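Step one of this worksheet: look at the structure below.
All values derive from a computational prediction rather than experimental measurement.
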Amino acid sequence: MTYTLTTPLYYVNDKPHLGSAYTTLACDALARFQRLMGQQVLFITGCDEHGLKIQRTAEAAGLTPQAHCDQVSDQYRALWQRWQISNDRFIRTTDPRHHLLVEQFYRRVEAAGDVVEGRQRGWYCVACEEFKDDPPEARTPQCSTHQRPLEWRDELNLFFRLSRYQQAIEELIQRPGFIAPASRRREVENFVAQGLRDFSISRLDLPWGIPVPGHQGHTFYVWFDALLGYLTALLEPGDPPDLDLLSQRGWPASIHVIGKDILRFHAVYWPAMLLSAGLELPGRVFGHGFLTREGQKMGKSLGNVLDPGELLERCGPDAVRWYLLRDIPFGDDGDVQQQRFSDLVNNDLANTIGNLLNRTSSMARRWFEQAVPAPSEAVGSSHPLAQASQLAREQVIEGMERLDFRQAAVAALQLAVSANGFLNDQAPWSRMKQEGQRQQVADDLYAVLEAARQVALLLAPILPDLSARMLLQLNQPLASSGVVAGGQSGSDGEQLPWQQRLTWGSLAAGTPLPEPEPVMARQDLDGPL
RNA sequence: GGCUCGGUAGCUCAGCUGGUUAGAGCGUGGGAUUCAUAACCCCAAGGUCGGGAGUUCAAGUCUCCCCCGAGCCA
């Protein structure tokens with residue numbers, strides 16, 4: 001069974017922001033983890049490119065909508081490449097095959113009797129692409145999220161009969177684990193409990209959209225079209241746009257990872273649409289939290305937006321991934337603080353993990369012919385570091401499965417902390433000055449090197465680059481979780497599976513150790529981010 | 001206005017079905033050490049657990065009210 005996971009398809013209204021990068025990074029870690037666990041993975045991301053807002057943005061920039069979309073979606077694509085995101089697909093909703101698939105999907109929904117005509121009157125927010133519930137007599141209605149004036153609409157639209165799916169959706173959202181984190185389920189329950197209303201799936205006189213077959217002048221509502229992008233993305237290059245093919249191409253998705261703001265679309269509207277079209281439902285919808293910066297919302301008006309590209313440039317992928325995934329509970333809102341960022345990166349990655357490898361490798365080289373020392377029988381599975389490794393491994397796996405990146409990261413870090421403590425207790429540098437302690441030192445250094453190897457492997461999903469540098473330092477093959485630095489795919493053929501490599505004691509005695517170099521530089525940021 | 005989540009050391013947070021002196025990491029102060037990226041290791045200070053009332057032999061942990069913050073629906 002393919003493990004299919006998706007980021008949202010990002011709206012190309014503006015250049016990528018940190019929030020999109022956050023979601024995508026998290027998905028990347030998850031995708032890498034699943035690959036390491038031996039799953040066949042289909043990691044989907046892409047762009048949502050239709051709608052009035054985009055049409056207007058393009059006009060304002062003096063571009064055709066298509067040219068605008070090309071430009072922005074290229075920025076996304078380039079950014080993900082620079083971040084070494086291991087996505088398998090990058091779907092654009094302007095893809096010609098997508099049009100055909102949407103038409104096909106619509107015909108199924110129509111055939112199921114789920115499309116009706118209806119009059120839509122009310123205040124509309126172009127930024128949300130949504131009708132609001134403000135009373136018709138309101139004078140200067142404003143969108144509460146966008147602080148922008150609403151526009152009056154009165155049009156005949158096509159509606160999807162969501163109301164028919166009341167019971168099915170109620171049952172679905174009760175399914176344990178369908179909505180994650182669980183804390184967000186209540187929100188959706190409340191919404192559904194109020195009674196589901198049909199929602200419009202078409203717009204009139206909106207040229208920048210996919211035309212509704214058989215309904216002159218109607219184009220599909222962006223959300224209807226965008227969600228279907230997840231399906232189109234599954235198609236392989238030569239495939240015809242055929243819904244019947246999808247079950248062989250990785251549908252249903254195992255998980256949709258999204259921001260908490262679009263939970264409703266994914267947990268309510270989307271499943272109903274799928275049911276209507278006779279397709280299977282995704283396994284899980286995970287709505288993560290939002291990032292603030294130094295306690296404040298990020299926004300253009302405040303001028304405190306962190307540009308993901310710039311962040312990457314200045315700090316590197318390991319630092320940013322570590323900070324976001326290790327410090328901020330995925331699912332909750334989190335505050336990005338520069339001081340904490342550099343504190344954590346320096347302490348955890350440079351001092352604890354990087355230095356551990358550096359000091360150990362240096363000792364092994366000095367006293368054991370520049371190679372991994374040969375351990376005695378004493379370094380077996382009952383060795384304290386073997387036990388610590390075992391625990392770390394369990395917690396990393398459990399954490400990653402629950403998208404608790406923090407637990408996974410801290411568990412790997414904890415192993416390095418244990419190894420540092422062990423080293424200080426054993427003090428091999430003192431023992432080397434005593435007679436008859438050579439084997440003990442060999443054992444101790446072996447155990448710590450082996451623990452460092454475990455740390456490197458355990459870090460692979462979250463920090464593929466650092467993991468690679470550590471494994472290189474230990475003269476080990478890389479963990480093949482997807483693309484790594486340099487662009488080559490990390491899979492080098494005959495390698496053992498990740499879990500097997502995590503068996504304690506797999507580090508071969510006598511493996512030559514290269515001259516150590518710091519695997520992680522300390523952050524020394526001059527000036528604010 | 002209704003509902004949902006939070007409010008625990010300077011900061012970020014753990015504290016399950018109520019039970020010995022409330023924990024961790026970072027930051028701060030001190031000590032030890034030299035293998036190492038001024039790194040590692042050890043120790044310490046620091047909290048009337050948002051406020052108030054109640055239930056109980058016992059409440060951060062349950063109940064009620066209030067205050068503050070975030071969010072969902074109106």
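A distance of about 24 Å separates the P atoms of B/A53 and B/G69, rounded to the whole Å. Comparing the same atom, C1', in B/G2 and in B/A59 gives a spacing of 30 Å after rounding to whole Å. The separation of B/U20 from B/C49, taken at their P atoms, amounts to 16 Å, rounded to a whole angstrom. Spacing between B/C62 and B/U17 at atom P, rounded to whole Å, works out to 8 Å. With P as the reference atom, B/G15 and B/G7 are 10 Å apart, rounded to whole Å. Separating the P atom of B/G25 from that of B/A44 is a span of 12 Å, rounded to the nearest Å. The same atom, P, is picked in B/C41 and in B/C5; the two are 39 Å apart, to the nearest Å. For B/A14 and B/G50, the P atoms lie 13 Å apart once the distance is rounded to whole Å.
Defined by atom type and a distance below 3.5 Å, a donor-acceptor pair is present between the side-chain atoms of A/E171 and A/Q167. A donor-acceptor pair shorter than 3.5 Å can be found between the side chains of A/T24 and A/Y10. Checked by atom type, the side-chain pair A/W270/A/H256 shows a donor-acceptor distance below 3.5 Å.
With A/D198 contributing its side chain and A/S163 its backbone, the two residues share a donor-acceptor pair below 3.5 Å. Checking side-chain atoms of A/Q426 against main-chain N and O of A/V441 turns up no donor-acceptor pair under 3.5 Å.
Look at CD on A/E187: it is 14 Å from C1' on B/G2, rounded to the nearest Å. Between the CD1 atom of A/I179 and the C1' atom of B/C72 there is a distance of 13 Å, rounded to whole Å. When the P atom of B/G27 is taken as reference, atom CZ of A/R340 falls 10 Å away, rounded to whole Å. B/U12 atom C1' lies 16 Å from atom CZ of A/F341, rounded to whole Å. One atom, CG of A/N355, and another, P of B/C35, lie 13 Å apart when rounded to the nearest Å. Remark: C1' of B/A36 and CZ of A/R365 are 14 Å apart, rounded to the nearest angstrom. Between A/Q407 atom CD and B/C13 atom C1' the separation is 15 Å, expressed in whole Å. Between the CG atom of A/L291 and the P atom of B/U12 there is a distance of 15 Å, rounded to whole Å.
Phosphate proximity of B/C40 to A/N351: present, with a side-chain N or O under 4.0 Å from OP1 or OP2. The side chain of A/R522 places an N or O atom within less than 4.0 Å of a non-bridging phosphate oxygen (OP1 or OP2) of B/A39. Note on A/R366: a side-chain N or O is less than 4.0 Å away from OP1 or OP2 of B/A36. Checking the phosphate oxygens (OP1, OP2) of B/G27, a side-chain nitrogen or oxygen of A/N347 falls inside 4.0 Å. In this model, the phosphate group of B/A74 is approached by a side-chain N or O of A/R197 to a distance below 4.0 Å at OP1 or OP2.
Both A/S362 and A/R326 lie near RNA chain B, and the one whose nearest nucleotide falls closer to the 5' end is A/R326.
When distances are taken from the side chain of A/M520 to each of B/C11, B/U37, B/G71, the shortest belongs to B/U37. Counting only heavy atoms from C-beta on, A/P518 has its side chain closest to B/U37 among B/A70, B/C13, B/U37. For A/W429, the side-chain atoms get nearest to B/U34 when compared with the rest of B/U12, B/C40, B/U34. When the nucleotides B/A36, B/C41, B/A70 are ranked by their closest atom to the side chain of A/V417, B/C41 comes out on top. The side chain of A/M363 sits closest to B/C35 out of B/C11, B/C35, B/U37. Picking from B/G27, B/A70, B/C40 the nucleotide with the shortest atom distance to the side chain of A/D343 gives B/G27.
When heavy atoms are screened at a 4.0 angstrom cut-off, A/D333 is found touching the sugar-phosphate backbone but no base atom. Among the protein residues, A/V188 comes within range of no part of the nucleic acid, since none of its heavy atoms lies under 4.0 Å from any strand. A/R406 comes within 4.0 angstrom of the backbone, heavy atoms only, and of no base. Among the protein residues, A/Q337 comes within range of the sugar-phosphate backbone only, with heavy atoms under 4.0 Å from sugar or phosphate atoms but none that close to a base.
In B/G69 the O4'-C1'-N dihedral to the base is more than 90° from 0, which defines an anti nucleotide.
The aromatic rings of A/F199 and A/Y221 sit perpendicular to each other, their planes meeting at more than 60°, with 30° as the lower class boundary.
Between A/Y165 and A/S276 there is a side-chain heavy-atom pair separated by less than 4.5 Å.
If you check B/G47 for Watson-Crick or wobble pairing at under 3.5 angstrom, you find it has no partner at all. Look at B/C40: it lacks any Watson-Crick or wobble partner with both distances under 3.5 angstrom.
For B/A36, the base has no donor-acceptor partner in the side chain of A/N358 [N/O atoms by modelled type, under 3.5 angstrom].
Going from atom CG of A/L357 over to atom CZ of A/R453 covers 12.5 Å, rounded to the nearest 0.5 Å.
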